[in-house]
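A quick write-up on the structure given underneath.
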Amino acid sequence: EEEEEKEEEDEEKAKKPLKHHLSFWSVAPQTTFSDKDGYETPISLAWDLKNNIWIVGLVMDGLLKMVKFKITGHSTFDWLESRYSKKFDKACSKQDTFTTRCFKGHTAKKRKFSVRLVASKASMWVLDRQTMLTNDGGDKLPMLQSFDLGHNKWMIGFMDKKVLRMYKIRITGPETYVWKATRFDEKYGKRCTKRETFIEACFRGENPGKGKISLGLKSHKVSVWGINFQTSISIKGGKRYRIKFALDLGNDFWIIGFFHGGYLKMMKLQILGPKKVRWLGIYFHKDADKSCLEQKTFSESCYKGEKQKDDILKANVKISQASSWSINWRSVMMSKGDKQLKIQYAFDLGSNVWIIGALDSDVLKMVKFQITGAKGFKWLDARFLKKYKKACTKRKTFAPSCFKGSKQEKKAFSVRLRATSESSWRFMSGLMMDSSITLHFDMGSNMWLLGLVDDGMLKMVKIRITRHSKSVWLGTRYSRAFGKECSAPKTFTDACFKGVDPEVNMFPVKIKAFEVFRKESKRGKGGGKGDEEDLAEEKELDKLEEEVDELVEDIEEDVKEVREASKWHVTRETEVQNPDGHFLKISMKFDLGGDIWMVGLYDHEVLEMVKIKVTGSETFEWLATKLAKEPTKLCKAQKTFTAACFKGEDKDKDTYKIHLKASKEEKQEKGERKKADKDEDEEDEKENKEDEDKDEDEEKDEKEEKDEEEDEEKKEKEKEKEAKEKKEKNKDKDDEDDDEEKEGKEEKEEKEKKIKKKKKGKDKEEED
């Protein structure tokens, strides 16, 4: 009955008009349905109803199974409705023709279809390198670098002489956008001029406002479908040739080609579905540039020459989607009988189809399968190859062309699979302000949400892991009003990331991470010289990664240098003179950079703060004064006192006078800081002890009050019982008295009767 009532309410809500807004969450292909046994099957159908509401489905065992939900996070959603149908239109089983009208049939309960959601916020529109900016002098400036902020928001940079011009925009079409912000920076870090290390932290400098922007935007939508290099082209139905070049133009437009007979032969097409293609043109180019004959340098400018008829080339296009599952190199095993082999080679064919291989006694053993879950897969084929090329024994050159040799039956070879669809960098352990991190959640793309509960407060930090012990800070939140699910590791998700935003890295973290997809350098027996080559490759890769990490660190340092550039350091000898004329030593201070400091103290339940710019050991320029009457606990301690605490009632310059003691040496500060931290810890312990004693006293008083109340209740009950017994006794006595009175009355009446009778007899005798 409750379910029926809920359905009626949902129907009534559905009848109400809904404003349609574009969904900023998109369902990723790795979203799966699970059956009773826990086997996962990727969805094949998805329809966006706007407002982040989606319908996903698949055809399984002759049933069209569908679920409607509203996406709330990378892996979280609000379930709305489920349907299944046996008699469904064929058009509803194809992604190209699947729409909201397909969502009909029998209503299913929430538990019937288990969905494991993987959602993405990545921008659908991507900037092209042809994007240009025209400056005030009419010069056209090429786009130097770009950074995807998500939700189709981009940060782009242009170098105009010695000024780094940066803009934040939201792309709305191939050449249309909405302006968001502008910054001009003359003192930019060198790393902000490189595409690989250009991040949001670079967006600083002068804010000129919107002004007049002459931006020639060129963008395209990200392609959903990909071209597999097993695609072949035949000339007039003759011999087939494998394609050598494939170029993604965006929005599922592709150029494919091969070199034959002195001509670069190319075809342009648009992929409309897993087996549907629209042909757009064919070109033969005789004197093609050398750059057009290599996949790395093949570009759209190569697509020219003599236009051909549509029937001169016929292509057998192999379409694939980017694999959402990746193999974990440390746990995937190949076994035969009791013998186990760690895989040494793997190749992603797209659409979650993989080839894995290992050398065993000079035999290259390979298996092809399609990953369907973390431990599930669909077996496709197996091969043993004795005469293999050297390229097939190197991870770098292992390719589908190696998959040949004697065909093996499914029973002859088994695979124990471990796959992952998560970030390549995995969080292991870490500290948040000297406290162990107990909560972590993988948001994908190496972004992690870390947290812990401290003194009734949920503290959270969002980071992007870049190395084993390196990360980039992305955001901070803290909250006391959090649900129980956010304090448990199993139920902690990105939906918990809400509360107060301090807009600074209030809770710095130290982490340890490992790379899931790190290829192992050790091989099984028979590896030969390949071991040394692979080891050299990995060393070279590690060196490159270290260089990139150094660049990222340099950028972070460039961003922090403004805050860390203070020459003068405020000491704890600094005093504040309050309106009553009392001199009190400061208990908190915070360096804002550029010799600008915040100093404060907590006095009579009021946080008194002053912002100053230090110009000497005892001289300064007053900037602002604030008085916070109900500060948070974080702002009352030196460890957590930050710029976010500087809020409250504004006060005049002379309300709280500062008697400054500053020094240019920070060594002295460290000793003072340790001492202050120790004092704070002692104070905290003392406060905690007082609170505990107070709690014990309160508990004792409550217990005594409870006992007194119980005694009073007991006495009242006894009194009531006595009164009741007394009443009953009195009633019995009254009844006895009534009986005695009645008996006496009867005796009296009989006596009177006798007297009357005797008198009557006497009178009669006298008469006689």
*asked:* As an exercise, state the distance from CD of Gln308 to CE of Met266, rounded to the nearest 0.5 Å.
replied: 10.0 Å
*Measuring from Tyr84:OH to Lys65:NZ, what's the distance to the nearest 0.5 Å?*
10.5 Å
*So do Lys86 and Leu63 actually touch side chain to side chain, heavy atoms under 4.5 Å?*
yes
*Measuring from Thr131:OG1 to Lys218:NZ, what's the distance to the nearest 0.5 Å?*
8.5 Å
*Donor-acceptor contact present, side-chain Ser85 to main-chain Leu64, <3.5 Å*: no
*Identify the two heavy atoms, one from Leu385 and one from Lys404, that lie closest to each other, and give their separation to 0.1 Å.*
CB-O, 3.4 Å
*Take Lys314 and Met267 through the test side-chain contact (heavy atoms from CB on, under 4.5 Å) and record every step on the way to the result.*
CA-CA 9 Å; Lys314 287 187 179 179; Met267 305 179 75; over 6 Å; no
*Do Phe158 and Leu144 have side chains that get closer than 4.5 Å, going by heavy atoms?*
no
*Out of curiosity, Arg170 CZ to Thr176 OG1, how far, rounded to the nearest 0.5 Å?*
9.5 Å
_pair Trp179-Leu215: side-chain heavy atoms closer than 4.5 Å_ = no
*Between Lys109 and Trp79, what is the shortest heavy-atom contact and its length?*
C-CZ2, 4.2 Å
*Are more than 12 heavy atoms from other residues, nucleotides or ligands located less than 6.0 Å from atom NZ of Lys368?*
yes
*Answer yes or no: is there a donor N or O on one side and an acceptor on the other, between the side chain of Ser219 and the main chain of Pro174, under 3.5 Å?*
yes
*Using a 4.5 Å cut-off on heavy atoms from C-beta on, say whether the side chain of Phe33 contacts that of Val115.*
yes
*Evaluate the side-chain proximity of Thr393 to Leu364: yes if any heavy-atom separation is below 4.5 Å, no if none is.*
no
_Ring geometry between Phe284 and Tyr263 (parallel below 30°, tilted from 30 to 60°, perpendicular above 60°)_ = tilted
*Give the intermediate values and the outcome of side-chain contact (heavy atoms from CB on, under 4.5 Å) for residues His260 and Ile235.*
CA-CA 10 Å; His260 175 259; Ile235 303 170; 3.6 Å; yes
*How far does NZ of Lys244 sit from CG of Leu264, to the nearest 0.5 angstrom?*
13.0 Å
*asked:* Is the ring pair Tyr241/Phe258 parallel, tilted or perpendicular, if the boundaries are 30 and 60 degrees?
replied: parallel
*Does Lys265 reach the side chain of Ile233, with side-chain heavy atoms less than 4.5 Å apart?*
no
_Can a donor-acceptor pair be found, under 3.5 Å and without considering hydrogens, that links the side chain of Ser44 to the backbone of Leu58?_
no
*Out of Ile255, Ile227, Leu280, which one pairs with Leu269 under the side chain to side chain contact (heavy atoms under 4.5 Å, CB included) rule?*
Ile227
*Using modelled atom types only, decide if a donor and an acceptor are shared between the side chain of Ser82 and the backbone of Val67 within a distance under 3.5 Å.*
no
_Smallest separation among heavy atoms of Ser234 and Gly238, with atom names_ = CB-O, 3.6 Å
*Does the side chain of Phe377 come within less than 4.5 Å of Val367's, by heavy atoms?*
no
*asked:* Taking the side chain as everything from C-beta on, heavy atoms only, tell me whether Cys402 gets closer than 4.5 Å to Tyr388.
replied: no
*side-chain contact (heavy atoms from CB on, under 4.5 Å) evaluation trace for Ile355 with Tyr345*: CA-CA 8 Å; Ile355 297 173; Tyr345 323 108; over 6 Å; no
*Closest contact, heavy atoms only, Ser291 versus Asp289*: OG-OD2, 2.7 Å
*Would you confirm whether Asp89, through its side chain, and Ala91, through its main-chain N or O, come within 3.5 Å as a donor-acceptor pair?*
yes
*Between Phe245 and Phe298, how do the two ring planes meet: parallel, tilted or perpendicular, split at 30° and 60°?*
parallel
*How far apart are the closest heavy atoms of Phe384 and Val363, and which atoms are they?*
CB-CG1, 4.1 Å
*Measure from the side-chain N and O atoms of Thr231 to the backbone N and O of Lys318, and report whether any donor-acceptor pair falls under 3.5 Å.*
yes
*Ignoring hydrogens and angles, tell me if any N or O in the side chain of Glu175 forms a donor-acceptor pair with the backbone of Gly216 under 3.5 Å.*
no
*Rounded distance [0.5 Å steps], CH2 in Trp54 versus CG in Leu117*: 10.5 Å
_Between Phe347 and Phe398, is the ring centroid distance below 6.0 Å?_
no
*Which atom pair, heavy atoms only, marks the closest approach of Ser146 to Ile156?*
CB-CG2, 3.9 Å
*Return yes when atom NZ of Lys168 has more than 12 non-hydrogen atoms of other residues, nucleotides or ligands closer than 6.0 Å, and no otherwise.*
yes
_Run Gln408 and Ser406 through side-chain contact (heavy atoms from CB on, under 4.5 Å) and show every step you take._
CA-CA 6 Å; Gln408 304 296 314; Ser406 58; 3.2 Å; yes
